[in-house]
Amino acid sequence: MESTRLQSPPLSMPRRRPFLFATLAITFGISLGALGFHAIEGWGWLDSLYAATQTVTTVGYGDVAPATKAGRIFSVFFMLIGVGIVLYSLTNIMQTIVQSEILESYQRRKRLRKMMNLSDHYIICGAGRVGARVVRELERTGTPFVVIEKTGSKVQAIADAGGHFIVGDATLETTLHEAGVTRARGLAACLPDDADNLYVVLTARDLNHSLHIVARAVEEQAEPKLIRAGASRVIAPIIIGGHRMAQALTKPAVADFMDSIAAENLNLGFEQVEVAKGSTYAGKKLRDTNIRSELSSVIVVIRRAEGEMIYQPGGDVELKASDMLVVIGRPESLTQLTKVAQGIAGGY
């Protein structure tokens, strides 16, 4: 069973240097000894290497031993130097291992304390091709998140950036608890296997009934199963990719427009905004707000609290508290609109 404790990613280059230095030092010592025995005793290279290795490893001379006076004098100095190199290298390695363990333990506790303070964050299960794209989007918007990934090397970039991560099995309850699933706003199951994603959805839904869960479906037939398991939305990259290719083939202008928005080339973006009870928008008709006149934003759809969807609402449509607005507009306009909708700022 995969460990669920917080772990660190693979050793960085500064931590590998002592091991590299020790390896080079021991190799240099053995090479120096082999060269000395070959030059002084006249042994072949294999016997010289064999004797040098015996010396630095303190095994002793059994079948091959220096016969000349000069060879024995060299052996005395080489024993002191060779054994000293080995002892120093081993001590350096042990010191590095102990320091790394202490540092990693401290970093794990520090990350755990930070994650315990997280709330309304998002949990990303899997940092593969799909999960990495989700992480980059959350990083771009400054949204708090925790990544759960089995392979430590995949979270190296997240660790370098100071992000929250757990090296462990996302299908286990203990791992999801460590990621703060009971305090999270949403979870993305991005594992490469449908069975694993199904298990993540089942476990997460059982731990947090109000959690918004988006699951990846590798196979098309897995979509209804994930929905029944508790996923709020299911995304099938193969289906979406095929739809986008067909759109680019048959409706290139529409595809170019959508790509421009995704790439932020048009300085436009989509946003979902909930109308709060204390907002000046609540109870007002759309034409009486500043959404179109001042903010130059367009409401694409209004989702009522009871689930009714109003597409391309006209000016006579009244906004109500708890309405969810899907809006397209400039980033600065969307920011101002969100503040007004939440009752943070006035709209007039």
Side-chain angles (χ1 to χ4, degrees), residues 2 4 9 115 118 120-141 143-159 161 163-248 255 258-259 261-263 270 272 326:
E2 183 71 25
T4 62
M115 279 191 285
L118 283 178
D120 288 334
H121 60 288
Y122 294 90
I123 300 174
I124 313 302
C125 300
R129 290 178 297 177
V130 175
R133 294 298 297 267
V134 176
V135 168
R136 284 198 292 270
E137 182 62 23
L138 294 177
E139 287 178 333
R140 185 183 67 82
T141 58
T143 305
F145 65 90
V146 176
V147 175
I148 303 176
E149 170 58 48
K150 280 186 177 181
T151 308
S153 59
K154 291 184 178 180
V155 296
Q156 183 64 59
I158 300 172
H164 301 291
F165 66 91
I166 296 176
V167 179
D169 190 347
T171 64
L172 301 180
E173 286 190 16
T174 51
T175 308
L176 293 175
H177 272 301
E178 288 179 354
V181 66
T182 57
R183 307 182 306 275
R185 175 180 296 183
L187 179 145
C190 306
L191 300 177
D193 184 76
D194 284 332
D196 289 338
N197 285 325
L198 183 65
Y199 204 85
V200 169
V201 171
L202 282 169
T203 306
R205 179 58 68 202
D206 183 61
L207 296 175
N208 188 341
H209 298 292
S210 62
L211 187 68
H212 184 71
I213 301 176
V214 178
R216 171 193 181 186
V218 180
E219 300 294 337
E220 186 175 353
Q221 58 268 27
E223 183 174 353
K225 298 177 182 178
L226 289 166
I227 292 293
R228 289 197 298 269
S232 309
R233 297 284 187 277
V234 176
I235 304 299
I238 295 178
I239 298 176
I240 294 176
H243 175 72
R244 291 296 302 276
M245 288 188 67
Q247 189 178 62
M258 298 302 296
D259 290 341
I261 292 180
F270 281 98
Q272 66 171 39
V326 178

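Counting from 1, the numbers follow the sequence of the chain as shown.
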query = Taking all atoms of both residues into account, what is the closest heavy-atom pair of P144 and D120, and its distance?
reply = CG-O, 4.3 Å

With a 3.5 Å cut-off and sequence neighbours excluded, list the donor-acceptor pairs that the side chains of residues 215-240 form with protein atoms.
{"unit_1": "S232", "atom_1": "OG", "unit_2": "R205", "atom_2": "NH2", "d": "3.3"}
{"unit_1": "S232", "atom_1": "OG", "unit_2": "I213", "atom_2": "N", "d": "3.1"}

task = Would you confirm whether E149, through its side chain, and A127, through its main-chain N or O, come within 3.5 Å as a donor-acceptor pair?
result = yes

note = On a heavy-atom basis, the closest approach of D169 and I148 is C-CG2, 4.3 Å

message = For H212 and L187: C-alpha separation, side-chain torsions, deciding distance, then whether side-chain contact (heavy atoms from CB on, under 4.5 Å) applies.
response = CA-CA 6 Å; H212 184 71; L187 179 145; over 6 Å; no

query = Does CZ in R136 sit with more than 12 non-hydrogen atoms of other residues, nucleotides or ligands closer than 6.0 Å?
reply = yes

query = Can you tell if the side chain of V135 reaches within under 4.5 Å of the side chain of V147, non-hydrogen atoms only?
reply = yes

Side-chain donor/acceptor of H121 to backbone N/O of A179, under 3.5 Å = yes

key: Full working for side-chain contact (heavy atoms from CB on, under 4.5 Å) between V167 and V155   = CA-CA 8 Å; V167 179; V155 296; 4.1 Å; yes

inquiry  = I need the T174 OG1 to I166 CD1 distance, nearest 0.5 Å.
reply    = 9.0 Å

query = Looking only at heavy atoms, which two atoms of L211 and A184 are closest? And how far apart?
reply = CD1-O, 3.5 Å

request  = Could you tell me the separation between the CG atom of L191 and the CD1 atom of I124, rounded to the nearest 0.5 Å?
outcome  = 11.0 Å

query = Under the side-chain contact (heavy atoms from CB on, under 4.5 Å) test, which residues partner T182, sequence neighbours left out?
reply = H177

task = Using side-chain contact (heavy atoms from CB on, under 4.5 Å) as the criterion, list what pairs up with T141, not counting sequence neighbours.
result = E137, T143

remark   = Closest heavy-atom pair, A189 versus V200, reported as atoms and distance to 0.1 Å, is CB-CG1, 4.1 Å

query = Between CD1 of I123 and CG of N208, what distance do you get to the nearest 0.5 Å?
reply = 8.5 Å

inquiry  = Around atom CD of E139, are there more than 12 heavy atoms from other residues, nucleotides or ligands closer than 6.0 Å?
reply    = yes

query = For residues 183-204, which residue pairs qualify under side chain to side chain donor-acceptor pair (under 3.5 Å), counting only residues two or more places apart or in two chains?
reply = none

remark   = Contacts satisfying side chain to side chain donor-acceptor pair (under 3.5 Å) that involve residues 238-247 (not counting sequence neighbours) are R244-D259

key: Exercise: identify the closest heavy-atom pair between C125 and L176   = SG-CD2, 4.3 Å

